[in-house]
Participant: 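I'd like to ask some things about the structure below.
Just so you know, these numbers come straight off a predicted model, no measurement behind them.
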Amino acid sequence: MPLPVQPPNINEPLGPLPREFAAIMRPELPGLIKEIRVEVTRAYPEYAQLLNGPNAAAIRQGVEKSLSVFVDRVADPKASTAARDELLRKFGRVEAYEGRDLETLQSAYRLGARVALRRAKTIGRRFDLSPTLLLTFADALFAYVDELESLSREGYAEVQARAGAAGEAMRRRLLHLLLAGTPLTHTTIHELCEQLGWPLPDQVTLIALRAPAPDHIQAGLPSDVLADLGAPQPHLLIPGPMTAERTALLEDAVAGTPLAVGLTVPTARAADSLRWARRLLQLVDDDIVADAPVLDTADHLVTLWLLSDPALVSEIATRALAPLNKSSGARRARLVETLHAWLTTRGTADQVGEALGVHAQTVRYRLRNLESHFGDSLENPERRFAMEAALRALHLHGEVTAGRAPVPAGTGDA
């Protein structure tokens, strides 16, 4: 349906946008989202870092949702905004967690509105839209921005209410900078350390906790421990290594909350320690690592390494076990299982048979079959290592004993 084209009338009251206008705006959204991202990251470099950080997906989703809901409400004023509302509150929470005030976020909203208005003027020329309609659009757009800012203030206030003293926001800000890989010589890090009276350590140990983290944990933590317990994935930073005394204090503070202790690493590599600890919790969820109240990353390094890239393990296994492709499913599974046991133990037929629960003569028969399939490859150290690494990873997934090797597409962690 064509939109009304009429001469401007500055005395005419502004009403709602015509629903047909949504059909013109909707195809413009993908390009508008990209344009807003370019303009905002150019004007506010701190958001360029956020768009490449752990909250990047949520931020992009929030921007897309905010714009699409505006269009949806033009088409249907009763359209639900619940999902958008929560994402905008999360924007406010992120600002509070980062230790910033809301001025930058509000300025980014307004900049996005100016970009949208600029595009609307271009569309107006293309469709010969009336100046009154474009004025109505501008009025609706900036009223919508006020709505977005209000939602973000709600999220910001939630975090501030939980955080209490300004010192807690500063401590979280310092923790974020250390995990973001900010150079330790950065002025902001030194200023925060000085203001907090927190000596920058040479080494740190990161702790990943199960969410949600109980509120009482904060009160029981030693004063030099940095914490972000309100984050979607709660975590702690312990200065230095995890001594026995540190471990005892931590266990008292968390009072049974499951956690994974990362490796002690140079402070500049704090993010690695946290990444490995979080990965260990994920492997527990995947039933690959046995659960325990306190998990130590140091006890599972090989498992973490072997399962760090499931797709690559699958590819290595596919290539390494290619000589068995002509064997039938059940026979191939038995050969793979025997190959895994032999590579792992490098024992005699009797020892391999004991590990598999089969007669030694059966093992000898299978080993001869393997030799006929692989030839000299079993004596090549590099190929043998690739086979063993791939089969160990498959074994952790339960693929070897289940007779499914290599790992099917989609198996493992994303």
Participant: Name the orientation class of the two ring planes belonging to Y109 and F91 (parallel below 30°, tilted from 30 to 60°, perpendicular beyond 60°).
Facilitator: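 Rings of Y109 and F91: parallel, as their planes differ by under 30°.
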
Participant: Would you check if the side chain of H340 reaches a backbone N or O of V336 as a donor-acceptor pair within less than 3.5 Å?
Facilitator: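 No, because the side chain of H340 does not come within donor-acceptor range (under 3.5 Å) of the backbone of V336.
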
Participant: Would you mind telling me which of L206, V261, V265 makes a side-chain contact (heavy atoms from CB on, under 4.5 Å) with W276?
Facilitator: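 Going through the options one by one, the only one that passes is V265.
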
Participant: Supply the atom-to-atom distance E149 CD to L88 CG, rounded to the nearest 0.5 angstrom.
Facilitator: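 Spacing of CD (E149) from CG (L88) equals 10.0 Å.
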
Participant: Quick check: do L209 and I217 have side-chain heavy atoms less than 4.5 Å from each other?
Facilitator: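 In contact.
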
Participant: Please name the pair of heavy atoms, one in A108 and one in Y47, separated by the smallest distance, quoted to 0.1 Å.
Facilitator: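 Shortest heavy-atom contact: CB-CE1, 3.8 Å.
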
Participant: What distance separates R173 CZ from L192 CG, expressed to the nearest 0.5 Å?
Facilitator: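 If I round to the nearest 0.5 Å, the distance is 7.5 Å.
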
Participant: What do the steps show when you test R279 against Q282 for side-chain contact (heavy atoms from CB on, under 4.5 Å), and what is the final call?
Facilitator: CA-CA 5 Å; R279 177 65 172 143; Q282 183 61 53; 3.8 Å; yes

Participant: Kindly compute the distance separating CG (L281) from CZ (R210), expressed to the nearest 0.5 Å.
Facilitator: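 The CZ atom of R210 is 4.5 Å from CG of L281, to the nearest 0.5 Å.
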
Participant: Considering only heavy atoms from C-beta outward, does the side chain of L17 approach that of L133 to under 4.5 Å?
Facilitator: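 L17 vs L133: side chains touch.
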
Participant: Measuring only between side-chain heavy atoms, which start at C-beta, is I123 closer than 4.5 Å to I24?
Facilitator: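 Of all side-chain heavy-atom pairs linking I24 with I123, at least one is under 4.5 Å.
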
Participant: Of the non-hydrogen atoms in L141 and A116, which two are nearest, and what is the gap between them?
Facilitator: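 Taking every non-hydrogen atom into account, CD2-CB, 4.0 Å.
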
Participant: Check this for me, if you would: do R319 and E315 make a salt bridge, where the nitrogen-to-carboxylate-oxygen distance has to be below 4.0 angstrom?
Facilitator: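 Yes.
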
Participant: side-chain contact (heavy atoms from CB on, under 4.5 Å), that's the test. Do H186 and L177 meet it? Break it down for me.
Facilitator: CA-CA 9 Å; H186 196 283; L177 290 172; 5.9 Å; no

Participant: Determine, stepwise, if the pair L283 / T303 fulfils side-chain contact (heavy atoms from CB on, under 4.5 Å).
Facilitator: CA-CA 9 Å; L283 292 179; T303 298; 3.9 Å; yes

Participant: Should E39 and R42 count as an ion pair when the cut-off is N to O under 4.0 Å?
Facilitator: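 Salt bridge flag = yes for R42 with E39.
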
Participant: Between L67 and M25, is any pair of side-chain heavy atoms under 4.5 Å apart?
Facilitator: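 Side chain of L67 against side chain of M25, heavy atoms only: no contact under 4.5 Å found.
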
Participant: For a quick test of reading the model, state the closest non-hydrogen atom pair linking P30 to P27 and the distance between them.
Facilitator: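 Closest pair (atom of P30, atom of P27, distance): CD-O, 3.6 Å.
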
Participant: Short question: side chain of T247, backbone of T243 - any donor-acceptor pair under 3.5 Å?
Facilitator: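 Yes, because the side chain of T247 sits within donor-acceptor range (under 3.5 Å) of the backbone of T243.
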
Participant: Rounded to the nearest 0.5 Å, how far apart are CZ of R278 and CG of L274?
Facilitator: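 Interatomic distance, R278 CZ to L274 CG, rounded to 0.5 Å: 4.0 Å.
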
Participant: I need the minimum non-hydrogen distance between Q203 and T267, along with the two atoms involved.
Facilitator: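 It is N-OG1, 3.4 Å.
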
Participant: Is it the case that over 12 heavy atoms from other parts of the model lie below 6.0 angstrom from the CD atom of E103?
Facilitator: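 Enclosed.
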
Participant: Quick one: does H190's side chain have a donor or acceptor within less than 3.5 Å of a partner on L184's backbone?
Facilitator: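 Yes; at least one donor-acceptor contact below 3.5 Å.
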
Participant: Between R171 and D228, does any NZ, NE, NH1 or NH2 come within less than 4.0 Å of an OD or OE carboxylate oxygen?
Facilitator: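 Salt bridge: no.
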
Participant: Look only at the side chain of S150 and the backbone of E147, and say whether a donor-acceptor pair between them is shorter than 3.5 Å.
Facilitator: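 No, S150 side chain to E147 backbone: no donor-acceptor pair under 3.5 Å.
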
Participant: With rounding to the nearest 0.5 angstrom, report the OG1 to CG distance, T257 to L229.
Facilitator: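 So the gap between those two atoms works out to 9.0 Å.
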
Participant: Between L324 and L370, is any pair of side-chain heavy atoms under 4.5 Å apart?
Facilitator: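 Yes - at least one pair of side-chain heavy atoms lies under 4.5 Å apart.
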
Participant: Rounded to the nearest 0.5 Å, how far does CD of E64 lie from CD1 of I33?
Facilitator: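 One gets 4.5 Å once the value is rounded to the nearest 0.5 Å.
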
Participant: Do R366 and V358 make a side-chain contact, defined as non-hydrogen atoms from C-beta onward lying under 4.5 Å apart?
Facilitator: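 A side-chain contact under 4.5 Å exists here.
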
Participant: Any donor-acceptor pair under 3.5 Å linking the side chain of Y44 with the backbone of L105?
Facilitator: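 Between the backbone of L105 and the side chain of Y44 there is no qualifying donor-acceptor contact (under 3.5 Å).
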
Participant: Does the pair M242 and L250 meet the rule for a side-chain contact (heavy atoms from CB on, under 4.5 Å), with working shown?
Facilitator: CA-CA 9 Å; M242 283 295 292; L250 178 64; 3.8 Å; yes

Participant: For the residue pair L301 and L263, establish whether any side-chain heavy-atom pair is separated by less than 4.5 Å.
Facilitator: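 SC-SC contact between L301 and L263 confirmed.
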
Participant: Tell me whether S273 contacts the main-chain N or O of T205 through its side chain, where contact means a donor paired with an acceptor under 3.5 Å.
Facilitator: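 Judged by distance alone, no pair lies under 3.5 Å.
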
Participant: What I want to find out is whether R93 reaches E86 closely enough, with some N-O distance under 4.0 Å, to be called a salt bridge.
Facilitator: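 Yes, this pair counts.
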
Participant: Answer yes or no: does atom CG of D202 have more than 12 heavy-atom neighbours from other residues, nucleotides or ligands under 6.0 Å?
Facilitator: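 No.
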
Participant: List the atom of L221, the atom of A253, and the distance in Å for their closest heavy-atom pair.
Facilitator: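 Between these two residues, the closest heavy atoms are CD2-CB, 3.9 Å.
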
Participant: Should E28 and R118 count as an ion pair when the cut-off is N to O under 4.0 Å?
Facilitator: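 Between R118 and E28 there is no salt bridge, as every charged N stays at least 4.0 Å from the carboxylate O atoms.
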
Participant: So, does Y144 use its side chain to make a donor-acceptor pair with the main chain of A113 at under 3.5 Å?
Facilitator: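 No.
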
Participant: Report yes if some heavy atom in the side chain of R246 is under 4.5 Å from a heavy atom in the side chain of P241; otherwise report no.
Facilitator: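 Counting from C-beta outward, R246 and P241 never come under 4.5 Å.
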
Participant: Kindly give the heavy-atom pair with the smallest separation between A82 and S80, and that separation in Å.
Facilitator: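 A82 and S80 have their closest heavy atoms at N-OG, 3.4 Å.
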
